[in-house]
Amino acid sequence: EVQLQASGGGLVQAGGSLRLSCTASGLILDDYGVGWFRQAPGKEREGVACIETSDGKTFYADSVKGRFAVSRDDAKDTVYLQMNNLKPEDTAAYYCATDKYPFPCVVVVKSTGIGLDIWGQGTLVTVSS
């Protein structure tokens, strides 16, 4: 079964940092663009960041620009989301996702990710004030 797995979440104080990791089973993640999404309780899922595979170009939601950074380590076949200066409003379950077909990150990062068909279990990030 093709699946992604996000990990690295936890409880952190406001202003702190966390690094999330996205790994895959059943596919080589290096060959795919990857989007990061989050969903807070009672809210719609939203795009956070996205990294393309062709040139590694990155895209971010306005709410996280300058604080979050998405990167990939091809040797480890892992995509990371470095989250700095975390705020209580960043509290959410975070997911990584991809699709068997190429997709435009510039569009996906502003979406709920509904068009992507490969997801995995998320990881919970809680930021205390």
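In this chain, residues are counted from 1 in sequence order. Keep in mind that the numbers below use all heavy atoms, side chains included, and drop hydrogens, waters and symmetry copies.
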Mind listing the closest non-hydrogen atom pair of Ala14 and Ser129 along with its distance? CB-CA, 4.3 Å
Between Thr78 and Lys76 the two heavy atoms that sit nearest each other are OG1-O, 2.8 Å
For residues Val125 and Gly9, report the shortest heavy-atom separation together with the two atoms involved. CG2-CA, 4.1 Å
Atom pair NZ/CG of Lys110 and Asp62 - distance to nearest 0.5 Å: 5.5 Å
Once salt bridge (charged side-chain N to carboxylate O under 4.0 Å, His left out) is applied, do any residues pair with Lys87, and if so which ones, sequence neighbours excluded? none
Look up atom CD in Gln3 and atom OG1 in Thr98, then write down how far apart they are to the nearest 0.5 Å. 13.5 Å
Side-chain donor/acceptor of Asp77 to backbone N/O of Ile28, under 3.5 Å: no
Residue pairs passing the disulfide bond (SG atoms under 2.5 Å apart) test with at least one member in residues 55-100, sequence neighbours excluded, are Cys22-Cys96
Listed partners of Lys100 passing side chain to side chain contact (heavy atoms under 4.5 Å, CB included), at least two apart: Asp117
By the rule that ILVMFWY residues connect when side-chain heavy atoms come within less than 4.5 angstrom, directly or transitively, which residues belong alongside Tyr80? none
Residues joined to Tyr101 in its hydrophobic cluster, side chain to side chain under 4.5 Å directly or through other members, sorted by chain and number, are none
Report the distance from atom CZ of Phe68 to atom OG1 of Thr58, rounding to the nearest 0.5 Å. 14.0 Å
Residues Gln82 and Ser17: closest non-hydrogen pair is NE2-CB, 3.9 Å
Connected via hydrophobic side-chain network under 4.5 Å: Val2 and Val34: yes
Checking Thr91 now: which residues fulfil side chain to side chain contact (heavy atoms under 4.5 Å, CB included) with it, not counting sequence neighbours? Thr126, Val127
The remaining residues in the hydrophobic cluster of Phe37, counting side-chain heavy-atom contacts under 4.5 Å among Ile, Leu, Val, Met, Phe, Trp and Tyr, are Tyr95, Phe103, Val108, Leu116, Trp119
Nearest heavy-atom pair of Ala24 and Leu4: which atoms, and what distance? CB-CD2, 3.5 Å
If the test is side-chain contact (heavy atoms from CB on, under 4.5 Å), which one of Ile51, Leu20, Val64, Leu18 qualifies with Leu81? Leu20
CD of Gln39 to OG1 of Thr112: how many Å apart, nearest 0.5 Å? 9.0 Å
Using the salt bridge (charged side-chain N to carboxylate O under 4.0 Å, His left out) criterion, which residues pair with Asp55? Sequence neighbours excluded. none
Kindly indicate, with the supporting measurements, whether the criterion side chain to side chain contact (heavy atoms under 4.5 Å, CB included) is fulfilled by Tyr94 and Thr123. CA-CA 5 Å; Tyr94 284 72; Thr123 186; 4.2 Å; yes
Close side-chain approach of Thr53 and Arg72, heavy atoms under 4.5 Å: yes
Enumerate the residue pairs fulfilling salt bridge (charged side-chain N to carboxylate O under 4.0 Å, His left out) with a member in residues 9-30, sequence neighbours excluded, ordered by first and then second residue. none
Side chain to side chain contact (heavy atoms under 4.5 Å, CB included) with Gln121: which residues, sequence neighbours excluded? Gln5
Pairing residues for Asp90 by the salt bridge (charged side-chain N to carboxylate O under 4.0 Å, His left out) criterion, not counting sequence neighbours: Arg38, Arg67
Partner residues of Val109 under the side chain to side chain contact (heavy atoms under 4.5 Å, CB included) criterion, sequence neighbours left out: Cys50, Phe59
Stepwise side chain to side chain contact (heavy atoms under 4.5 Å, CB included) test for Val70 and Val79: CA-CA 7 Å; Val70 58; Val79 172; 3.8 Å; yes
